Number of protein chains: 2
Amino acid sequence: MHAEDMAEDFPVVDLDSDAWEAAQLLAEHRLPGLVVTDPDGHPQAILPASQVVRFLVPGYVQDDPSLAGVLNESMADRIADKLSGKKVREVLSRETADPAVVKADDTIVEVAATMARLRCPLAAVMSGDRLVGVITASRLLQLALRHGK
Amino acid sequence: MHAEDMAEDFPVVDLDSDAWEAAQLLAEHRLPGLVVTDPDGHPQAILPASQVVRFLVPGYVQDDPSLAGVLNESMADRIADKLSGKKVREVLSRETADPAVVKADDTIVEVAATMARLRCPLAAVMSGDRLVGVITASRLLQLALRHGK
């Protein structure tokens with residue numbers, strides 16, 4: 001089994017995509033994260049849903065969540081205020097890990113090794129210069145266990 | 001909206017649960033992670049699917065994924081060999097972040113703040129001593145956006 005056979009479609013955004021639309025994609029598809037590419041379609045980062053949540057909460061409330069009560073409760077307003085007109089690159093954290101990138105003909109063990117090395121919950125599968133899909137860690141476990149029977 | 005209304009059922013394991021069964025749960029339900037509790041049901045850690053993948057790959061292959069080819073390709077065999085007879089506590093990484101724990105009557109902003117502070121992709125919701133469910137970061141975004149319309 002090769003990476004291209006394991007890969008699944010996965011919403012992709014680029015660094016200059018609208019941050020509010022990226023939040024919509026995460027929410028609608030209930031995704032733990034999105035693959036972020038450069039304008040040429042090469043994976044540059046993973047945008048975890050948790051990073052978007054983090055971006056919405058002011059630093060002083062992160063430091064002391066008991067202060068959350070002083071904010072207006074509408075998260076919808078916060079999402080609109082903080083994300084409208086912003087680009088995905090502005091929401092990415094500097095600490096964001098490199099995305100795991102694997103080749104279409106990599107084996108399942110190679111995919112696991114790359115994912116493990118980068119501690120990344122998903123791997124982007126490239127066929128040459130083209131992103132053909134994504135393999136999540138749970139998808140990898142599912143395939144590994146299924147093929148063991 | 002309070003945390004208890006946002007919470008969803010989510011598979012839970014405890015520190016002494018069978019590691020192979022935990023991998024099955026992650027795979028079958030395609031989950032990014034599991035909540036791990038102590039024997040009293042208090043959340044102690046998150047077990048990310050990526051950590052299970054990491055546990056399956058030897059350190060020297062993580063350091064140099066090109067060595068993956070020297071392993072027998074069967075990930076199913078690796079899963080059986082490395083996880084059988086092991087407990088979840090043995091698979092957890094020492095670097096695993098604390099789980100975000102919120103109270104049933106916390107507001108959505110308080111949940112977001114706690115998740116943001118711990119950089120955790122999900123929050124366990126407690127009603128007193130009882131775990132009533134889990135809120136993922138993408139669920140939080142979904143609810144926040146839906147209630148904005």
Side-chain angles (χ1 to χ4, degrees), chain A residues 1 23-24 26-33 48-57 61-69 71-80 106-117 119-122 136-149, chain B residues 1 23-24 26-33 48-57 61-69 71-80 106-117 119-122 136-149:
Chain A
M1 185 166 40
Q24 291 276 354
L26 288 164
E28 269 166 38
H29 299 276
R30 299 290 302 272
L31 296 168
S50 55
Q51 171 60 20
V52 177
V53 171
R54 198 149 177 263
F55 190 81
L56 299 172
V57 179
V61 178
Q62 289 182 37
D63 294 338
D64 184 356
S66 72
L67 295 178
L71 299 178
N72 179 314
E73 204 196 338
S74 166
M75 278 297 279
D77 289 348
R78 288 205 70 78
I79 289 176
D106 279 353
T107 65
I108 188 168
V109 179
E110 287 170 322
V111 175
T114 303
M115 223 181 244
R117 184 166 60 94
R119 294 159 198 235
C120 195
L122 49 84
T136 63
S138 59
R139 167 80 172 160
L140 188 143
L141 292 175
Q142 184 189 40
L143 290 168
L145 286 162
R146 186 186 296 163
H147 287 261
K149 282 174 189 166
Chain B
M1 185 167 40
Q24 291 275 355
L26 288 164
E28 269 167 37
H29 299 276
R30 299 290 303 274
L31 296 168
S50 55
Q51 172 59 21
V52 177
V53 171
R54 199 147 178 263
F55 190 80
L56 298 172
V57 179
V61 179
Q62 288 182 38
D63 294 339
D64 182 357
S66 72
L67 295 177
L71 298 179
N72 177 312
E73 204 196 341
S74 167
M75 279 296 281
D77 289 348
R78 287 205 72 77
I79 289 176
D106 278 354
T107 64
I108 189 169
V109 179
E110 287 169 323
V111 175
T114 304
M115 220 180 246
R117 185 167 59 95
R119 294 161 199 235
C120 195
L122 49 84
T136 62
S138 58
R139 167 81 171 155
L140 188 143
L141 291 174
Q142 185 188 39
L143 290 168
L145 286 162
R146 186 186 296 163
H147 286 262
K149 282 173 189 166

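Note that the structure is predicted; figures quoted are calculated from it, not measured. Throughout, a chain's letter reflects where its sequence line sits, starting with A, and its residues are numbered from 1.
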Checking heavy atoms, do the side chain of A/L26, its backbone, both or neither come under 4.5 Å from chain B?
both
Report the option among B/G33, B/S50, B/P65 that has the most heavy-atom pairs separated by less than 4.5 Å from atoms of chain A.
B/P65
Top residue by heavy-atom pair count (under 4.5 Å) with chain A, among B/A23, B/P121, B/A27, B/A80?
B/A27
List the steps, then state whether side chain to side chain contact (heavy atoms under 4.5 Å, CB included) holds for B/V57 with A/V109.
CA-CA 8 Å; B/V57 179; A/V109 179; 5.8 Å; no
With B/D63 via side chain to side chain contact (heavy atoms under 4.5 Å, CB included) - residues at least two apart
none
Who pairs with A/S138 by side chain to side chain contact (heavy atoms under 4.5 Å, CB included), at least two apart in sequence or on another chain?
A/T136, B/R30, B/A49
If you define the side chain from C-beta out and look only at heavy atoms, does anything of B/V111 sit under 4.5 Å from A/V53?
no
